Amino acid sequence: MCGIVGYIGNKNATPVLIKALKKLEYRGYDSAGVAIYSGDEIVVQKAKGKLINLAEKITGQIVPETKEHKAYAEAEMALYEKTGDFVKGNMGIGHTRWATHGEPSDTNSHPHTNMDGTISIVHNGIIENYAELKSKLQAQGVVFQSQTDTEVVVHLIDKFYKEEKDIFKAVRRTLQILEGSYALGVLCKDYPDRIIACRKESPLIVGVGKGENFIASDVPAILEHTRDVYYLGEKELVVLYSDHVDLFNFDGEKIIKQPSHVEWDMDAAEKGGYPHFMIKEIHEQPKGLTDTMRPRIVKDGEGKPTDVYFEENKMDDAWRKAKRVVITACGTAYHAGVVAKYAFEKIARMKVDVDVASEFRYRNPILDKDDIFIVISQSGETADTLSALRLAKNEGLKVVAITNCVGSTVSREADDVIYTLAGPEIAVASTKAYTTQVLCLFLLAIKAGKLRGTLSQEDATKLLCELESIPAKVQQILDNQDVIQKFASKQFNKDKIFYIGRQFDSATSLESALKLKEVSYMHSEAFAAGELKHGPIALIDPQTLVVAIASEPALYDKIGSNMVEVRSRGATVLVITQDESGSFEGKADEIFKIPECSSTLASLLTVIPAQLFAYYCAIQRGYDPDKPKNLAKSVTVE
């Protein structure tokens, strides 16, 4: 959830760190800070609020407000450069914090230091036994400055350093008694040539440069400087020097591994001419879908798609004998799982349970060793999803992970991994990650259907041919987005928005309602259309917008009746459909038509207008859709 960066090299560390933190703003934060070793001391600067507040605090200068976004951005970056004139040093750590223990404030911001200011740390995650540790330290005379769980860690390192006279041993001893999740970056005044970092259940990468090295929570923070990274593994430590890095496990044993090379460039993490990352990423979906699909479809000599191929192919036998599929995820990824439930039941004729990961591990679930367990996580670091994965593994189940992040924790701990190849997703509200997740789940359902003999070769080829046409059809919708933009300009002030649908469309309604509330803060809910009469219809009035999603021709009459019910009570109705027969004429105020598609796969199309509607409503209401309040991109704590 928070962002960590660290730098050691021959450059002035302060502007390097602050600009790196800027690249991690998408993760969500409410304060920021840096600790720089100046040659004589560790200088700590922290500020509540945005990074610009930190830069202004360091320099004593104010960026003037301007109506011209570009001019303001240039002034902001110029001020970031000036920070190096005020806090100088070639080694430092930085942090953007999302409050968990203690309110957002300068004092609670990271980095935190020991009592004499000789050791400084940054931390992502939660220390679950901090209260017990804090009490013991206070009894030994330690005075705490903040309300955070993190401050316990730096005082423990200090305590063990006084005993060991070795900072590496002090960090290792500290890790042995910490409970919870953490990624840590550590500076010590007595060791001006190194930074120590580690991770347990919270992501951290190491960037390898020429005469300089980095730590960061995510790749965009360091892409300006290097493409070579180590994805720090679970319970691994790293010691960074300016000319090399050493990797260790928590037992202190040295680890040898090769760095990964990041293929995508900085342009992929920038807006590329779009006003916001969210709309850029909505428009990147045709490419993301194509990239995710292309290497997985097997074709015969005539170019006809015949089968699905996954890189590992470790679990064919497990799929053949599986009794049930269990899917668990959170938020948007959970909604992809709900779509998958319908897909696996229809295509592979398998029993499917879909669980919210935050509930799963607390309800003593009934699992069978022959069940297939699927976890879905955009970041691959979602805390609740990881806990569910580990529970399933402990019960002996085979686990498939679907994630967008190579080297993430779920990808390493699962038995099999399917990567969505969507590229970096910066906006907090997920769009292209969702559709590529759904695509992977459709491909997996087709693969399972073939392995289990429930899907004929003819039907498999037909579905795969249709999937290959999806990216172009998504592009058609995007080319016609003006219709949705115009509709949003008239409806953005509605009090209530209800999404309704049946079967696959009911699942899409869940994601559509979430996307709208995430970025526009409009009250939106999703209902299975047949449930309207069982309560929700009592809320219908002229200030209500009902969005009906209708991609199944056999159910047009049913959902058409629902539309008439709500419209007769004053609601405005938008229908998203592929109908060409006129089934909804006179029943809706606006009809948005998607390209013709099998109702089985239409979820990949019907969600696109809903994403656009959410984006344009946010714009009309004056909100930044990339940074919705109270939300973060990667939820790595409960």
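Just so it is clear, the structure is predicted and the values come from calculations on it, not from any experiment. Heavy-atom basis, side chains included; hydrogens, waters and symmetry copies ignored.
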**Q** Before you tell me yes or no, could you show the steps for Glu56 and Lys82 under salt bridge (Lys or Arg N to Asp or Glu O under 4.0 Å), namely the whole-Å CA-CA distance, both residues' side-chain angles and the distance that decides it to 0.1 Å?
**A** CA-CA 10 Å; Glu56 290 175 342; Lys82 289 181 182 178; over 6 Å; no

**Q** Would Glu151 and Lys134 pass as an ion pair if we require N to O under 4.0 Å?
**A** no

**Q** Is the distance between the ring centroids of His283 and Tyr274 under 6.0 Å?
**A** yes

**Q** Do the side chain of Asp624 and the main chain of Asp626 share a donor and acceptor less than 3.5 angstrom apart?
**A** yes

**Q** Should the pair Asp106-Lys57 be classified as a salt bridge under the 4.0 Å nitrogen-to-oxygen rule?
**A** yes

**Q** Assess the residue pair Lys200 and Glu234 against the criterion (salt bridge (Lys or Arg N to Asp or Glu O under 4.0 Å)); give the C-alpha distance rounded to whole Å, side-chain angles, the decisive distance to 0.1 Å, and a yes or no.
**A** CA-CA 5 Å; Lys200 175 180 176 284; Glu234 183 70 359; 5.3 Å; no

**Q** Whether Asp158 and Lys162 form a salt bridge (side-chain N of Lys/Arg under 4.0 Å from carboxylate O of Asp/Glu) is what I want to check.
**A** yes

**Q** Quick check: His95 with Tyr29 (ring centres under 6.0 Å apart)?
**A** no

**Q** With a 4.5 Å limit on heavy-atom distance, are the side chains of Thr292 and Cys440 in contact?
**A** yes

**Q** When you check the side-chain N and O atoms of His244 and Asn213, is any donor under 3.5 Å from an acceptor?
**A** no

**Q** Apply side chain to side chain donor-acceptor pair (under 3.5 Å) to Lys48 and list each qualifying residue two or more places apart in sequence or on a separate chain.
**A** none

**Q** Could you note down all residue pairs passing salt bridge (Lys or Arg N to Asp or Glu O under 4.0 Å) where residues 208-217 supplies at least one of them, sequence neighbours left out?
**A** Lys11-Glu212

**Q** Above 12 or not: heavy atoms from other molecules or residues under 6.0 Å from NZ of Lys50?
**A** yes

**Q** Determine the interplanar angle of the His225 and Phe214 rings, folded into 0 to 90°, and report it as parallel if under 30°, tilted if 30 to 60°, perpendicular if over 60°.
**A** parallel

**Q** Please name the pair of heavy atoms, one in Ser217 and one in Asn124, separated by the smallest distance, quoted to 0.1 Å.
**A** OG-ND2, 3.1 Å

**Q** Under a 4.0 Å threshold between the charged nitrogen and the carboxylate oxygen, would Glu284 count as salt-bridged to Lys432?
**A** yes

**Q** Look at Lys629 together with Glu518 and state whether they make a salt bridge at an N to O cut-off of under 4.0 Å.
**A** no

**Q** Mind checking whether Phe168 and Phe248 have ring centres under 6.0 Å apart?
**A** yes

**Q** Using 4.0 Å as the upper bound for N to carboxylate O, is an ion pair formed by Arg199 and Glu381?
**A** yes

**Q** To the nearest 0.5 Å, how far apart are OG in Ser181 and CD in Glu128?
**A** 7.0 Å

